[in-house]
Enquirer: 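Quick one: structure below, then a few questions.
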There are 2 protein chains.
Amino acid sequence: MKKKESGSIDIETFRATNIGQPLMEVAKDFQRRALAKFYERGHDELQPSHQAVLAYLHASGTRLTELAELAGMSKQAMGQLVDEIERLGYVERVPDPSDGRAKIVRFTVSGKKLIRDGTKIASEIQEQYTALIGVKRFEQLREILDELRSKAKMLPIGDEVGEK
Amino acid sequence: MKKKESGSIDIETFRATNIGQPLMEVAKDFQRRALAKFYERGHDELQPSHQAVLAYLHASGTRLTELAELAGMSKQAMGQLVDEIERLGYVERVPDPSDGRAKIVRFTVSGKKLIRDGTKIASEIQEQYTALIGVKRFEQLREILDELRSKAKMLPIGDEVGEK
DNA sequence: GCAAAATAGTCAAGATACTTTATCTTTTGC
DNA sequence: GCAAAAGATAAAGTATCTTGACTATTTTGC
């Protein structure tokens, strides 16, 4: 018995191995559900990209540069994002008393309501998901993701690729 | 004891509840690792978006319209994606003998190599991840994601939003 | 058997969400 | 004083979509 024809592929093996696909699909499903629910609650101009600010902004405010680092994007890109979210009224820029160059981006009253709504929305989606897979498995999912997320940050991405 | 000041927010509660963030971060981490490894293996023009084709294209070929549906995007967007991946030499369009309107997108020899490399890459990342959280938890993650993914497809996204 | 409707795919333009590069101002830390 | 850092502003480029309009076929309804 010779080996399979060399042109053949086992694409099923690829799909069974590739956990990236289910990860991304579930993440996008969550994002779509969340956005639809924000829309229902009147936050009808909120965009997927705005999540990057809301997810990292500290309750007491955060500098733009720090936000950019946390979100893993350029200061300019974060500046554009903050411009938009400021226009929507959810955040404001105030001078940083400890550094005259810096400004602190912080939630407005409306932004705080957004976060409270976001908490409810996250709970609602959590309920939808636990109805599908059960509370226990959902909590396992959360734990595993959190563990993986915190540990994966330390790992190098490209195994010494560098410039050859 | 009165309730907390009405302006206060518990952003920690939001972050603890919001599973969307860890989902997206881990998904993006996987994607970055995979792309770096594809790059190392010479697939240096592969883009994140190309994953949408590679993930759904059947071993014996698939129609563009079907690919678009599977990936949840417009025919035009999928057409552009296929254009690029065809330019890179990984797929080709051939006429569908059973329907003169249709074309079948299928892997070239080079595309089959890409899938074989992809299988190895997915295994490598799986190894990195299991080194972080253990085999058992990694397999749990895969199971839970697959279950959630298949079941979430049936769920309506926006609870009867519709037009008011 | 044939006109109308549906389907497969393409072409073109525009929107979104960034990125990079570059310049400028203000302020800080020595 | 002066380099460096925080941020704003602007221009151009890239990636990844969308929508609308169109052609070429196939399917359908009678």
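Any value given below was found using the heavy atoms of this structure, including those in side chains, with hydrogens, waters and symmetry copies removed. Letters go in sequence order (proteins before strands), and every chain restarts at 1. These numbers come from a predicted model, not from an experiment.
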Enquirer: The side chain of A:Lys103 lies closest to which of these nucleotides: C:dG9, C:dT7, D:dA8?
Expert: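 Of all the options, the side chain of A:Lys103 is nearest to D:dA8.
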Enquirer: Looking at C:dA6, D:dG7, D:dA4, which one has an atom nearest to any side-chain atom of B:Arg101?
Expert: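 Nucleotide nearest to B:Arg101's side chain: C:dA6.
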Enquirer: Rounded to whole Å, how long is the line connecting atom CD of B:Glu69 with atom C1' of D:dC17?
Expert: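 To the nearest whole Å, that distance equals 18 Å.
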Enquirer: Between atom CG in B:Leu67 and atom P in D:dT16, what is the gap in whole Å?
Expert: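 Answer to the nearest Å: 16 Å.
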Enquirer: Among the candidates D:dT26, D:dA6, D:dA8, find the nucleotide nearest to the side-chain atoms of A:Arg93.
Expert: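 Between D:dT26, D:dA6, D:dA8, the one nearest the side chain of A:Arg93 would be D:dA8.
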Enquirer: Starting from P on D:dA24, measure out to CG on B:Leu64 and report it in whole angstrom.
Expert: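 So the two atoms are 18 Å apart, to the nearest Å.
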Enquirer: Along nucleotides 15-25 of chain C, 5' to 3', which nucleotides get a B, which get an S, and which get a -, given that the test is a protein heavy-atom distance under 4.0 Å?
Expert: --SBBBBB---
Enquirer: Under 4.0 Å between a side-chain nitrogen and a carboxylate oxygen: does that hold for B:Lys120 and B:Glu124?
Expert: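 Between B:Glu124 and B:Lys120 there is no salt bridge, as every charged N stays at least 4.0 Å from the carboxylate O atoms.
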Enquirer: I need the minimum non-hydrogen distance between B:Ile104 and B:Ser60, along with the two atoms involved.
Expert: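 That would be CG2-O, 4.4 Å.
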Enquirer: Counting distance only, does the side-chain N/O of B:Arg15 pair as donor-acceptor with the main-chain N or O of A:Ala55 below 3.5 Å?
Expert: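 Such a contact is found between B:Arg15 side chain and A:Ala55 backbone.
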Enquirer: Calculate the interatomic distance between A:Asp99 atom CG and C:dC30 atom P; express it in whole Å.
Expert: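 Those two atoms, CG and P, are 13 Å apart.
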Enquirer: Hey, what's the ring geometry for A:Tyr129 with A:Phe138, parallel, tilted or perpendicular (30° and 60° as the breaks)?
Expert: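 Rings of A:Tyr129 and A:Phe138: tilted, 30 to 60°.
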Enquirer: What's A:Gly79 touching, base or sugar-phosphate or nothing? Going by heavy atoms closer than 4.0 Å.
Expert: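 No contact.
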Enquirer: Mapping B:Lys75 and A:Pro97 onto DNA chain C by nearest heavy atom, which one lands closer to the 5' end?
Expert: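 Its nucleotide being nearer the 5' end, the pick is B:Lys75.
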Enquirer: Can you list the residues that meet the side-chain contact (heavy atoms from CB on, under 4.5 Å) rule with B:Pro95, with sequence neighbours excluded?
Expert: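 Here no residue qualifies.
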Enquirer: Take the protein atom NZ of B:Lys28 and the nucleotide atom C1' of D:dA15, then report the distance between them rounded to whole Å.
Expert: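 Computing the B:Lys28:NZ to D:dA15:C1' distance gives 13 Å.
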Enquirer: Between atom CD1 in A:Ile104 and atom P in D:dA6, what is the gap in whole Å?
Expert: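 Rounded to the whole Å, the gap is 13 Å.
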Enquirer: Measure the spacing between OG1 of B:Thr17 and CD of B:Glu12 and express it to the nearest 0.5 Å.
Expert: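 If I round to the nearest 0.5 Å, the distance is 10.5 Å.
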Enquirer: What's the CD-C1' distance between B:Gln31 and D:dA15, to the nearest Å?
Expert: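 Rounded to whole Å, this separation is 12 Å.
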Enquirer: Please determine if B:Arg93 and B:Asp83 form a salt bridge, counting it only when a charged side-chain N lies under 4.0 Å from a carboxylate O.
Expert: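 A salt bridge links B:Arg93 with B:Asp83.
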Enquirer: Whole angstrom is fine here: how far is it from CZ in A:Arg63 over to C1' in C:dT26?
Expert: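 In whole Å, C:dT26 C1' and A:Arg63 CZ are 14 Å from each other.
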